[in-house]
Number of protein chains: 2
Amino acid sequence: MTELREGKAVMTTLGYALLALLAREPLTGYDLAQRMRRSTDFFWTARHSQIYPELTRMEAAGLLTHEVIRQTERPDKKRYTMTEAGYVALRAWLAQPVRPAPERDEMMLKTFCSWLIEPWEAAPIVRAREAEHTARQATYEAMLADLEQHPDVRNRRVSTPAFSSYATLRRGIQYERGYAEWCRWLAETLESADGQDGA
Amino acid sequence: MTELREGKAVMTTLGYALLALLAREPLTGYDLAQRMRRSTDFFWTARHSQIYPELTRMEAAGLLTHEVIRQTERPDKKRYTMTEAGYVALRAWLAQPVRPAPERDEMMLKTFCSWLIEPWEAAPIVRAREAEHTARQATYEAMLADLEQHPDVRNRRVSTPAFSSYATLRRGIQYERGYAEWCRWLAETLESADGQDGA
DNA sequence: GGACGCATGTAATAGGTTACATGATTAC
DNA sequence: GTAATCATGTAACCTATTACATGCGTCC
């Protein structure tokens, strides 16, 4: 049996994020980097500079294998495929409880000291965030509309990749909608309070 | 004029988080560490090992000063107070747009590959998260009830620390409620799907 | 007697970002 | 010509966590 952690190579969350994507289809490091750059539909981000070394480490640990795809018009690429050991590791991780994540939200931090600036100064920043969240909500909703057509989603076949994507998307939409709503409330409060409440 | 960044000491977000707390009242490193350990009511976390050196750096940059409070029964402590330069720096940061934060949510990551395990295996993990978010929602709601008694909040005096705390708390509650709701939906779907949808 | 709270610090390591590096093809 | 996409990698740096370190007083 090939052991997973030889020297001191313990799995990182990034590693599991890569496995999460590779569990669905074989991908190259470049593909993975693209999916992890902007967190649309996916909930973990990383740059290629972090991904390439991680893939190498994971392959050394026996969780992945790769095949080189030679190309003439473009650079050659490595397509990574999960091994059985990879699936075992991912399933083992899934069964473990979720570790509480440290909350770090710059918008909230600014809101916390928004009393230091004038309402008319603060309001536009809040409005900008509102627009961002509303836009992302719209993007997610379009993706959801597509996914809802999928038979696995319609039939609530929960043990399918399509349903899992559907579940995360629902949370994404809820998150963006909620954030946008809160921004709207705060912006309106700041705007209406402006004038009658000086520094 | 005392310059803020002499060598290469640029402000970090942690620095602003510390200023955000110190803008309300002078505090010791220990006090700050306590407020930043668990993100109840506050939205930035850090350990004391990160806080103490940062305070030293910020004082060197002229944003803070400290006075030693001698104690006999307990160790002496340093109480940090913001300087005018500190307020200027914090306000300047506040006026800048919020940088988009990388989304990293382990629960979402697990949901994304929940199709790999049986519904009856996934459901308890989701239920555990639901309980956590519901509990935090309750904590925040109790804090909100208190804050709503505050005259600055009742009169919508937005340029007060009390109102700023109120605004962040509202978002906190909304966040926890939303997350809990989504967990409930997912858990129920997984539980009801169990049996009629095998691997 | 041992754990916990007060109170401050440093050192080692892990995790993540930015920048450096290369090189072909395609689109404006 | 200039930028963008494809494709992979390394190096330097910054941020954050874990662990090490000290020492007194109180509570169980």
Side-chain angles (χ1 to χ4, degrees), chain A residues 5 7-18 26-39 43-60 64 66-80 99-106 109, chain B residues 5 7-18 26-39 43-60 64 66-80 99-106 109:
Chain A
R5 44 192 75 170
K8 49 196 70 179
V10 197
M11 277 293 288
T12 63
T13 311
L14 169 64
Y16 292 113
L18 296 172
L27 293 166
T28 66
Y30 186 86
D31 295 331
L32 287 161
Q34 275 203 307
R35 279 164 178 73
M36 299 188 91
R37 269 176 52 206
R38 278 259 143 253
S39 54
F43 296 87
W44 206 266
T45 37
R47 313 295 173 87
H48 77 272
S49 59
Q50 211 185 348
I51 292 168
Y52 287 120
E54 187 76 16
L55 287 171
T56 309
R57 277 183 50 219
M58 287 164 74
E59 187 169 32
L64 306 174
H66 83 266
E67 50 175 341
V68 176
I69 297 173
R70 287 190 204 291
Q71 299 182 122
T72 46
E73 304 287 282
R74 309 189 162 287
D76 294 354
K77 56 184 178 182
K78 299 180 182 175
R79 192 171 62 179
Y80 287 91
R99 303 176 313 176
E103 296 273 4
R104 283 198 190 94
D105 188 325
E106 205 178 289
L109 199 53
Chain B
R5 45 192 75 171
K8 48 197 69 179
V10 197
M11 277 294 286
T12 63
T13 311
L14 170 63
Y16 292 114
L18 295 172
L27 293 167
T28 66
Y30 187 85
D31 295 333
L32 288 161
Q34 276 202 308
R35 278 164 179 72
M36 298 188 91
R37 267 175 51 205
R38 278 260 142 252
S39 55
F43 294 87
W44 206 266
T45 36
R47 311 296 172 89
H48 77 273
S49 58
Q50 211 186 347
I51 293 169
Y52 287 120
E54 186 75 16
L55 286 171
T56 309
R57 277 184 49 219
M58 288 166 74
E59 187 169 33
L64 305 174
H66 83 266
E67 51 175 341
V68 176
I69 298 174
R70 287 190 204 289
Q71 299 183 124
T72 46
E73 304 287 284
R74 308 186 165 288
D76 293 355
K77 56 184 177 182
K78 299 180 182 175
R79 192 170 62 178
Y80 286 91
R99 304 175 312 174
E103 296 272 5
R104 285 199 188 94
D105 188 326
E106 205 178 290
L109 198 53

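Protein chains get the first letters and strands the later ones, always in sequence-line order, with residue 1 at the start of each.
- Between the OG1 atom of T56(B) and the OH atom of Y80(B) there is a distance of 5.0 Å, given to the nearest 0.5 Å.
- For R104(A) and T13(B), the side-chain atoms include no donor-acceptor pair closer than 3.5 Å.
- The distance from atom CZ of R37(A) to atom P of dA7(D) is 14 Å, rounded to the nearest whole Å.
- Closest approach to the Q34(A) side chain among dA7(C), dT8(D), dC6(D) is made by dC6(D) (side chain taken as heavy atoms from C-beta onward).
- The terminal axes of the helix from dG1(C)-dC28(D) to dC28(C)-dG1(D), fitted over 5 pairs per end, subtend an angle of 30° to the nearest 10°.
- Here the C1' atom of nucleotide dT10(D) and the CD1 atom of I51(A) are 15 Å apart, to the nearest Å.
- Note: CD1 (I69(A)) to P (dC6(D)) measures 15 Å, nearest angstrom.
- The distance from atom CZ of R35(A) to atom P of dA7(D) is 12 Å, rounded to the nearest whole Å.
- One can place NE2 of H66(A) at 15 Å from P of dA7(D), the figure rounded to the nearest angstrom.
- The separation between E54(B) atom CD and dT8(C) atom P is 16 Å, rounded to whole Å.
- Exactly one residue among R79(B), E59(B), K77(B) makes a side-chain hydrogen bond (donor to acceptor under 3.5 Å, both in side chains) with H66(B). That residue is E59(B).
- For Y52(B) and dA21(D), the OH to C1' distance is 14 Å, given to the nearest whole Å.
- The shortest distance between side-chain heavy atoms of R35(B) and L27(B) falls below 4.5 Å.
- For the side chain to side chain donor-acceptor pair (under 3.5 Å) test, residues two or more places apart in sequence or in another chain that qualify with R70(A) are D76(A).
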Exercise. Sugar-phosphate atoms are those with a prime plus P, OP1 and OP2; base atoms are the rest. Using that split, label each nucleotide of nucleotides 15-25 of chain C B, S or - for protein heavy atoms under 4.0 Å, 5' to 3'.
Key: SBBBB---B-S
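- A close approach under 4.0 Å does not occur between any side-chain nitrogen or oxygen of Y30(A) and OP1 or OP2 of dT8(D).
- Counting to the nearest Å, the P atom of dC24(D) and the CG atom of D76(B) are 13 Å from each other.
- Side chains of L32(B) and L55(B) form a contact here, defined as non-hydrogen atoms less than 4.5 Å apart.
- The shortest side-chain heavy-atom distance between W44(A) and M36(A) falls under the 4.5 Å cut-off.
- Side-chain contact between Q50(B) and E54(B) is absent, with no heavy atoms from C-beta onward closer than 4.5 Å.
- A heavy-atom distance below 4.5 Å is not found between the side chains of R37(A) and H48(A).
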